[in-house]
Amino acid sequence: MHVKIALAGNPNSGKTTLFNSLTGSNQYVGNWPGVTVEKKEGRLKNKKEAMLIDLPGIYSLSPYTLEEVVARNYLLTERPDAIINIVDGTNLERNLYLTTQLLELGIPVVIAVNMMDVVNKRGDQIDLARLGKELGCEVVGISALRGKGIIEVAQRAVTLAQTGKGTPCAHRFDAKVEAALAAIGAKLKPEIPQEQKRFYTIKLFERDEKIVGQLKTIPNVEPIIAEVETELDDDSESIITSARYTYIASLIKDSQRKKNKEKLTTSDQIDQIVTNRWLALPIFAVVMFLVYYVSVTTVGTFLTDWTNEVLFGEIIPPAVENFLVSINCAPWLQGLILDGIIGGVGAVLGFVPQMFVLFFFLAFLEDSGYMARIAFIMDRIFRKFGLSGKSFIPILIGTGCGVPGIMASRTIENERDRRMTIITTTFIPCGAKLPIIALIAGALFGGTWWVAPSAYFLGIAAIIVSGIILKKTKMFAGNPAPFVMELPAYHWPALTNVFRSMWERGSSFIKKAGTIILLSSIFVWFTSNFGVVEGKFSLVEDLSDGFLAVLGNVFAWLFKPLGWGTWQAAVATLTGLVAKENVVGTFGILYGFAEVAEDGVEIWGTLANSFTPLSAYSFLVFNLLCAPCFAAIGAIKREINNAKWTWFALLYQTGFAYAVSFGVYQLGNLFAGHGFSTGTAIATLLVVLLLYLLFKPYKKSTHSKTVTTFVG
Ligand code: GDP
Ligand code: MG
């Protein structure tokens, strides 16, 4: 029989880790909420008849954010045949809150107490049998990360699903509440099946609007609720909530023994340093500096040099050329294959090793639990100008690819903050921008230490500055929502997870090279090598007579004030809208990457001659900050869901990029001793304007103070 089993639990309880091991798939595991914003399905590895569904993390069945709605709707309307409720064993109290609600759904539930490895290491004890007895359902201890107990959980869930009997809810509220629930239940129309009655009566009692709205006929239960409320002197929702907490406290008292309550765990000790008020930011800066420095400039370069010089220099092009000559291939086709495809795609592939090294480090930092702390550290800064640390999570995810980063904004409840986060997320350099960074750092700065890391910090600065400026406008004003997030204990990342995550992100770039970059390279080669010579359409001798040059020259002047008004640079920027790697691919074709490499002349030499370090840096700045690639623009459009705002986002990003590059180039020239010009004057005015926008007083709204809490 075909059965559906849903994985439900709090964010960060290990749902996706369990899902991946049970189904053998490679879903993204992250240390923050918002990673799984949509449900994912997969077949159990050794029980093909069972479907497993990974849901976004939820704290309760009373949803506030979009992703929570996804999870609740799935459980309510699709009604899986069984639920595996994952509970973080190191944080039973908070996790069991959802459990008490899941058990009311009338669906078979098996509880998987996860992170047992951490629990055991701390010397704590959980009496699983007792917990199961009191909750009235099966409880299994597992470690999703180490693969312990996971088969057993799956087995039990499948068995339960096949019997089809909902787990009866063992928990009873106070007698008065139960009496009210019974009275409400009696009024429920038979449209609600028997096993779902308990859930609906409780929701009616709580006056949950979304649930009440789903009922075809709404019974009049207000007098029943009001009576209990006066009697217990509290509103109905709070009555239910506090009853749940009392229940959980009794469960925990009976079944959990903590070893040393006072002693700080190693993880807490690390946190005292790493999230320290003064040290946190410097430590973060050093960590990210090292990550970019090592991946782009040291280890990464070593690998990339080999790929560029040996693989796409000495090995592939001559071999292909010999082959093409031997089969008498037409010269234009040889040009297309060697200069267009190998030149363009090869130039991009050359940087893939650096990407892999970067993704390795990022995966390591995420999996160990460090990155989750950064959201907290950033919360302190963001809060000062009215944003919450939640806005930083999409940015962290965006270092891989902007698209999931933008989607992760769904965790933000406040519509204005969500919009602002979507607009600024792509300022952070994504994987596809890495080749541009590496190219400029390597070919134009000879591997100078600060260039690659500066790209990352530039992104962060752009986000913070935009945040401050935009928040002061009417469109985005408002107080930040409180930010609560679980901080999982630090742990040594499982290497398989780190490699899986690195491969997942990195391999998509290889796939892109074989598809979109390949097509773009062919397009660029044709349009640059063909033109109208003496009134005839033909191959051109000099690329500056080709169609692409004509097109580039139409708007290259726009970039003159930024220091790189050549048609090649303009065209590269334009192709970057299709995919950011295209910037490098286009340069590879236009500056003869393959040819030069073959002669043994230093590769990228011709490119280096057409830039100065300053104009190259300005080029980098513009391409990092301007409108993202089409895929990300599509994501912005979908998530903002409004044409006006989408245009605002793109114009803001591009305008901001232009202003910053302009400032960098013009003021850089001044410092380099090129004298004062109109450009310098405008740039100075821009800086003054920026400072004004940054420091003009922020009109604080007076209502609702917010608190940040550490949990976990
Ligand atoms: P989700 O948000 O519920 O999908 O949780 P994830 O599967 O993304 O996991 C969150 C974090 O907890 C990741 O860093 C995992 O590596 C870690 N994790 C998951 N299961 C275990 C476990 O059994 N033991 C330990 N120590 N860590 C785990
Ligand atoms: Mg997940």
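Remember, predicted model here, so these are calculated numbers, not experimental data. Indexing begins at 1, ligand by ligand and atom by atom, following the structure's order. Computed from heavy atoms alone, side chains included, the values below leave out hydrogens, waters and symmetry copies. Note that the numbering runs from 1 along the sequence shown for the chain.
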N/O separation below 3.5 Å, Gly14 to ligand 1: yes

Taking the six-membered ring for Trp, are Tyr370 and Phe284 parallel (under 30°), tilted (30 to 60°) or perpendicular (over 60°)? tilted

Walk me through it: do Thr99 and Val87 pass the test side chain to side chain contact (heavy atoms under 4.5 Å, CB included)? CA-CA 8 Å; Thr99 308; Val87 163; 3.7 Å; yes

For Ile142, is at least one N or O under 3.5 Å away from an N or O on ligand 1? no

4.5 Å side-chain heavy-atom contact, Ile83 and Pro108: no

For the 3.5 Å polar cut-off, considering only N or O atoms, please tell me whether Arg146 and ligand 1 meet it. no

For Asp367, the ligand 1 atoms whose distance to one of its heavy atoms is below 4.0 Å: 13 (C), 14 (O), 16 (O)

Asp117 neighbourhood, listing ligand 1 atoms whose heavy-atom distance to it stays under 4.0 Å: 22 (C), 23 (O), 24 (N), 25 (C), 26 (N)

Pro11 N/O under 3.5 Å from ligand 1 N/O: no

To which of Lys15, Glu366, Met115 does the heavy atom nearest atom 1 (P) of ligand 1 belong? Lys15

Quick note on ligand 1: atoms under 4.0 Å from a heavy atom of Val118 include exactly 26 (N)

Side-chain contact test, heavy atoms from C-beta onward, threshold under 4.5 Å: evaluate it for Ile53 versus Pro80 and give yes or no. no

A student checking ligand 1 against Ser143 at a 4.0 Å heavy-atom cut-off should list atoms 22 (C), 23 (O), 24 (N)

Working for ring-ring contact (aromatic ring centres under 6.0 Å, His included), residues Phe359 and Trp503: CA-CA 8 Å; Phe359 289 151; Trp503 177 250; over 10 Å; no

Should Lys203 and Arg198 count as side-chain neighbours, where that means a heavy-atom distance under 4.5 Å? no

Side-chain contact, heavy-atom cut-off 4.5 Å: Val70 with Leu55? no

Between Asn114 and Ser13, do the side chains contain an N or O donor and an N or O acceptor separated by less than 3.5 Å? no

Mind checking whether Asn114 contacts ligand 1 via backbone (N, CA, C, O), side chain (CB onward), both or neither, at a 4.0 Å heavy-atom cut-off? side chain

Should you measure from each heavy atom of Thr16, which atoms of ligand 1 turn up under 4.0 Å away? 1 (P), 4 (O), 7 (O)

Minimum non-hydrogen distance to atom 21 (C) of ligand 1, winning option of Asn497, Leu55, Leu145, Thr90: Leu145

If you measure every N/O of Asp54 against every N/O of ligand 1, is any gap under 3.5 Å? no

Any side-chain heavy-atom pair from Arg419 and Glu639 closer than 4.5 angstrom? no

Any heavy atom of Asn12 under 4.0 Å from ligand 1? The part involved is both

May I ask you to identify, for Thr17, whether its side chain, its backbone, both or neither come under 4.0 Å of ligand 1 on a heavy-atom basis? both

Assess Arg505 against Phe356: is NZ or CZ under 6.0 Å from the centre of the six-membered ring, and within 45 degrees of the ring's axis? no

Within less than 4.0 angstrom of ligand 1, does Gly57 place any heavy atom? no

